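Here the structure is laid out as structure tokens; the discussion comes afterwards.
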Number of protein chains: 2
Amino acid sequence: MRADAQRNRERLIEVAHQVFKERGLDAPLDEVARRAGVGPGTLYRHFPTREALHEAIFSSWIEEVRSHVDKAMLTEGGSREKLLAWFEEYVALLTRNHGAAAKITASLGCQDSPLRTKCQAYADANERVLEAMADDGALREGVDNLDVCRLLGGVATMADQSSLDAHAVRPMLDVIANGVLRS
Amino acid sequence: MRADAQRNRERLIEVAHQVFKERGLDAPLDEVARRAGVGPGTLYRHFPTREALHEAIFSSWIEEVRSHVDKAMLTEGGSREKLLAWFEEYVALLTRNHGAAAKITASLGCQDSPLRTKCQAYADANERVLEAMADDGALREGVDNLDVCRLLGGVATMADQSSLDAHAVRPMLDVIANGVLRS
DNA sequence: ACCTGAACACCGTTCAAGT
DNA sequence: ACCTGAACACCGTTCAAGT
């Protein structure tokens, strides 16, 4: 790759990160190109679709999810406290960008989404936590990982579009925790 | 109101119902006007915002919610069966139009949304069901109506955008039911 | 090989001109 | 009082012309 192309690509990702954080994942791509000082054609050359750009934005996703799940598993207390700590971390992570919760959770089902690796990282992390719960004998039978991921994705999506803070989200996570754990 | 205005208004609602069912609540308004045989200005005169048109589309909402909650409360079995019957009815109702689940649930919080009466009807219906559960001593303490509404709205939104059928939705509703009822 | 920016398409919204 | 449709704005997307 030519040196100027390399620079443009990096600059686009950097600017897009900023713009998407400010105005949400549906922000005008014009603005990304303009602020990066390139023509719209250059943006499209590097990222043919909006999703391709989203994918680049979330590149640190996998490591972030891993570190958050590790942190949550070290929470003081029993299964319930660990599970809720993870749920809270996750919703916080997913609501960091406007529109991300819905898009990432939607790609849980379909194999061909560019966000596939991102949501898979989340699903894997959640499975780790659920398995730890199961090892403690704390998990109800018949609880499916994908269903829990979608429930949390739903909560995060609602929090995203109603601008709910952690305090408002917590009771919903309590209900899910109650539904997932033996009483 | 002049006779032709009356006719245009009715025709717009009828056509919009059709178009929104086919292409989702974000369908081009152009098409609504075109198919109704009126100029775009006429559409804007009757419905100044897209939300105003949505509001007209969901005019039968309140009665529908009422009839569904009545139906669900007549389900054979205990509290759990009734609750799940209601949850299923509601998600089905909310996913009837693409994009409706997210929009209606988002307006749960804000007082000034045109969809206010619609989501209020749902929240009231859900409260009726939860109170019936509480009267049977089946409800956990500290379960809040708004939280349950948002949880169900989240499930419906996920089902909407991942095209999940009732069969795929059911296990998520089971988790919520477990979380809401005493074990 | 890559970039630019004009050009086109699509759709939301307004408003002067009509009836 | 209401309708029409041209007109403008905004944004996504493409592509011929440049370097």
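The sequence lines fix the lettering, A, B, ..., with proteins before strands; numbering per chain opens at 1. Note that the structure is predicted; figures quoted are calculated from it, not measured.
- In this structure, a donor-acceptor pair under 3.5 Å is absent between the side chains of Glu14(A) and Gln18(A).
- Within the 3.5 Å criterion, the main-chain N or O of Leu164(B) finds no donor-acceptor partner in the side chain of Ser162(B).
- In this model, a donor atom of one side chain and an acceptor atom of the other lie less than 3.5 Å apart for Glu10(A) and Gln6(A).
- Evaluation of the ring-ring contact (aromatic ring centres under 6.0 Å, His included) test over residues 137-170 of chain B, restricted to residues two or more places apart or in two chains, returns none.
- Residues Val148(B) and Met172(B) are members of one and the same hydrophobic cluster, defined by side-chain heavy-atom contacts under 4.5 angstrom among Ile, Leu, Val, Met, Phe, Trp and Tyr.
- Separating the CZ atom of Arg50(B) from the P atom of dT14(C) is a distance of 14 Å, rounded to the nearest angstrom.
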Considering only distance and modelled atom types, tabulate donor-acceptor pairs under 3.5 Å from the side chains of residues 40-47 of chain A, sequence neighbours left out.
none

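- Separating the CZ atom of Phe47(B) from the C1' atom of dT13(C) is a distance of 17 Å, rounded to the nearest angstrom.
- Applying a 4.0 Å cut-off to non-hydrogen atoms, none of the residues of residues 11-32 of chain A approaches DNA chain C.
- For the strand DNA chain D, secondary-structure stems (runs of at least three Watson-Crick or G-U pairs, all distances below 3.5 Å) span C:4-8 with D:12-16, C:12-16 with D:4-8.
- dT13(D) atom C1' lies 15 Å from atom CG of Leu53(A), rounded to whole Å.
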I'd like a table of atom pairs between the protein and nucleotides 2-5 of chain D - only N or O on both sides, under 3.5 Å - with the distance next to each one.
unit_1, atom_1, unit_2, atom_2, d
dC3(D), OP1, Asn8(B), ND2, 2.4
dT4(D), OP2, Gly39(B), N, 2.9
dT4(D), OP2, Thr42(B), OG1, 2.8
dG5(D), O6, Gly41(B), N, 3.3

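- There is a path of hydrophobic side-chain contacts, each under 4.5 Å, that joins Ile104(B) to Leu151(B).
- Leu108(A) forms part of a hydrophobic cluster together with Leu146(A), judged by ILVMFWY side-chain heavy-atom separations under 4.5 Å.
- Between Tyr122(B) and Trp86(B), the angle of the ring planes lies from 30° to 60°, which puts this pair in the tilted group.
- Transitive grouping of hydrophobic side chains (ILVMFWY, heavy atoms separated by less than 4.5 Å) keeps Val129(B) and Ile62(B) in distinct clusters.
- Whole-Å rounding puts the Tyr44(A) OH to dA7(C) C1' distance at 14 Å.
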